[in-house]
Amino acid sequence: MARLRQDVEPDEAGLDAKALDRLDRHLARLVDEGRIPGHLVSLARGGRVAHLTTYGMRDVAAGLPVESDTLWRIYSMTKPVTAVAVLLLAEEGRLSLDDPLERHLPAFADPRVYVSGSGDHVVTRPAAGPVLIRHLLTHTAGLTFAFYHAHPVDALYRAAGLASSVPPGADLAETMDVYARLPLQFDPGTQWNYSVASNVLGRVVEVVSGQPLDAFLAERILGPLGMTDTGFQVTDEQAARLAELYGQTDTGAGPGTGAIEPIAGLPLRGRPRFLSGSGGLVSTAHDMHRFMELLRRRGELDGVRLLTPESVDLMTRNHLPGGADLRSCGSRPAHDEPGNDGVGFGFNVSVVIDPSRTQAPSGLGTYGWSGVATTTFWVDPARDLTFQFMTQLRPKTSLRLYPELKRLVHEAVLD
């Protein structure tokens, strides 16, 4: 176990302490109003943590406070870790980003694209080309999530038992067979749709490496980086530090008005049968700081090089067709949101491509990602800055928290 600690005072890192106090007060107010249970926030420049605060509870009923070593379900912040695993294998020549998926997972041969119909009367056509590994990394493969209700293929996922992205009791290999039987929403490489693609990548890692996903990540990424609290399960010792997961009650009075209450989260006691490369990891602020530092330093940390600078640059560059942003490239109406203006997508991270169009102040090239339990991180290369926010709330609607975080952090940077 390792705790994240503050290394320098804000002014030594070119940060405004008064602006950071505004950030803390804003977040504390969310806790005091009962909108989130508790939180941790850290901000670093040049790798030195210059602001670290905790507030509120990791377990409200038990009266246990958030601490610097609290464990959090990071859900979709797992995806960038999976991307690093794929890039490791690519650098070793064990796969290519332009490999057809069927080369590693034969069930995905001859993909078909949805045309019309529903249920047993679906009409499909052959896809214009194969799904490539890079399409999975950029969520342009044509896959989807069952919980969307915007396209007929979403309903096909639900009918196939994929409400939680995995058939009950299935492992990664078994789940791939279900995904492969379903049509794509569009031709690979033509649009963006956030999807189960990272679960497919997790299985690719297993097949290519010959190791279970958890073993590969532990041996090749988590261990070398000293991310000793990160994994797909928690030990007896770790369990006491795990934050409770909360959701909003439905009062019928409008979005975001319900109180928060504990809800079921990922099954973390004992090794899960399904190792989700999409959202299965738990982690700590210390470990996520280490991961952000690996990216900020372009593949190296404390003398350990996992990736070449070129691979990290490739991962954190916009890959959407024609250089589009998420709003113009998304395949469903929910992607047509102001928050997607000026933001592209790399390999499992969003990338700011036009700061003049973003919803909140953002530096050009800033990249990162978030998790469904309201966790987020970003790396701003131009300002040599990394930021993370941790809480455990699955809101029914967005708290609109992330734009406020970006605004308040932007105001704190003096140079």
Side-chain angles (χ1 to χ4, degrees), residues 71-89 101 104-105 107-108 133 136-139 141 143-148 154 157-158 160-180 182 193-209 211-222 227 229-234 238 242-243 245 263-284 287-288 291 347-349 369-377 392 394:
L71 278 156
W72 312 91
R73 299 164 185 83
I74 62 171
Y75 284 104
S76 288
M77 283 163 55
T78 302
K79 290 178 173 70
V81 180
T82 301
V84 168
V86 173
L87 289 170
L88 280 170
L89 293 170
L101 176 58
H104 307 290
L105 302 181
F108 286 90
I133 299 299
L136 297 168
L137 287 164
T138 56
H139 291 270
L143 302 169
T144 190
F145 277 121
F147 55 79
Y148 296 152
D154 307 340
Y157 273 54
R158 292 192 294 276
L162 296 172
S164 60
S165 299
V166 53
D171 63 12
L172 261 178
E174 294 161 343
T175 301
M176 294 308 105
D177 291 336
V178 179
Y179 292 170
L182 297 167
N193 191 53
Y194 194 53
S195 71
V196 299
S198 293
N199 286 335
V200 181
L201 288 172
R203 180 57 183 162
V204 170
V205 169
E206 291 190 330
V207 170
V208 173
S209 70
Q211 293 180 277
L213 182 61
D214 55 353
F216 183 87
L217 295 185
E219 180 183 316
R220 301 297 306 279
I221 300 174
L222 306 177
M227 296 173 64
D229 266 329
T230 301
F232 290 96
Q233 59 184 312
V234 295
Q238 291 173 318
L242 179 65
L245 180 64
I263 60 173
L266 295 169
L268 298 170
R269 299 308 296 271
R271 182 175 182 267
R273 179 167 169 76
F274 181 75
L275 300 169
S276 173
S278 179
L281 291 178
V282 296
S283 191
T284 62
D287 286 10
M288 283 309 303
F291 185 73
F347 292 165
N348 276 344
V349 290
W369 202 237
S370 305
V372 72
T374 321
T375 61
T376 193
F377 83 93
Q392 293 284 263
R394 295 191 64 159

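- Side-chain N or O atoms of Ser165 include none that pairs as donor or acceptor with a backbone N or O of Leu162 at under 3.5 Å.
- Atom OG1 of residue Thr230 and atom CG of residue Leu217 lie 10.0 Å apart, to the nearest 0.5 angstrom.
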For the pair Asn348 and Ser198, evaluate side chain to side chain donor-acceptor pair (under 3.5 Å) and give the outcome as yes or no after the intermediate values.
-> CA-CA 8 Å; Asn348 276 344; Ser198 293; 3.1 Å; yes
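- Taking 4.5 Å as the limit, some side-chain heavy atom of Leu143 sits within range of a side-chain heavy atom of Leu136.
- Looking at heavy atoms from C-beta onward, Phe145 lies in side-chain contact with Val196 at the 4.5 angstrom threshold.
- Judged purely by distance below 3.5 Å, without hydrogens or angles, the side chains of Ser370 and Thr376 pair a donor atom with an acceptor atom.
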Could you walk me through whether Leu101 and Val204 pass the side-chain contact (heavy atoms from CB on, under 4.5 Å) check?
-> CA-CA 8 Å; Leu101 176 58; Val204 170; 3.7 Å; yes
Residue pair Leu268, Leu71: steps toward the side-chain contact (heavy atoms from CB on, under 4.5 Å) verdict = CA-CA 11 Å; Leu268 298 170; Leu71 278 156; over 6 Å; no
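- A heavy-atom distance below 4.5 Å is not found between the side chains of Phe274 and Ser164.
- Among all heavy-atom pairs drawn from Met77 and Pro80, the shortest one is O-CD, 3.2 Å.
- Note that CG of Asn199 and NZ of Lys79 are 7.5 Å apart. Values are rounded to the nearest 0.5 Å.
- For the atom pair CG (Asp171) and CZ (Arg203), the distance works out to 7.0 Å, reported to the nearest 0.5 Å.
- Between Glu219 and Ser209, every side-chain heavy-atom pair lies at or beyond the 4.5 Å cut-off.
- When side chains are defined from C-beta on, Val234 counts as touching Arg269, because their heavy atoms get closer than 4.5 Å.
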I would like to know whether Tyr75 and Thr375 meet side-chain contact (heavy atoms from CB on, under 4.5 Å); could you show each step before the answer?
-> CA-CA 8 Å; Tyr75 284 104; Thr375 61; 5.8 Å; no
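- Between the side chain of Arg158 and the main chain of Ala163, no donor-acceptor pair closer than 3.5 Å is present.
- A distance of 5.0 Å separates CD of Glu206 from CG of Leu172, quoted to the nearest 0.5 Å.
- Taking each heavy atom of Val200 and Met176 in turn, the nearest pair found is CA-SD, 3.6 Å.
- Of all the heavy atoms in Leu245 and Ala264, the pair that sits closest is CD2-O, 3.6 Å.
- Atom CE of Met288 is separated from atom CH2 of Trp72 by 13.0 Å, given to the nearest 0.5 angstrom.
- Nearest approach of Thr175 to Pro167, heavy atoms of both residues: OG1-CD, 3.5 Å.
- The shortest side-chain heavy-atom distance between Leu213 and Phe232 falls under the 4.5 Å cut-off.
- Tyr179 is not listed as a side-chain neighbour of Leu105, based on a closest heavy-atom distance of 4.5 Å or more.
- Separation of atoms CG (Leu242) and CZ (Arg73) is listed at 4.5 Å; rounding is to 0.5 Å.
- Distance alone, capped at 3.5 Å, places no donor-acceptor pair between the Thr144 side chain and the Asp154 backbone.
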Start with the C-alpha distance between Ile133 and His104, add both sets of side-chain angles, then the distance that settles side-chain contact (heavy atoms from CB on, under 4.5 Å), and finish with yes or no.
-> CA-CA 10 Å; Ile133 299 299; His104 307 290; 4.2 Å; yes
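- Taking the side chain as every heavy atom from C-beta outward, Phe291 and Val81 approach each other to under 4.5 Å.
- Side chains of Tyr148 and Asn193: a donor-acceptor N/O pair is absent below 3.5 angstrom, by distance only.
- Minimum heavy-atom separation, Thr82 to Gly202: CG2-N, 4.2 Å.
- Closest non-hydrogen pair, Ser195 versus His139, comes out as N-ND1, 3.2 Å.
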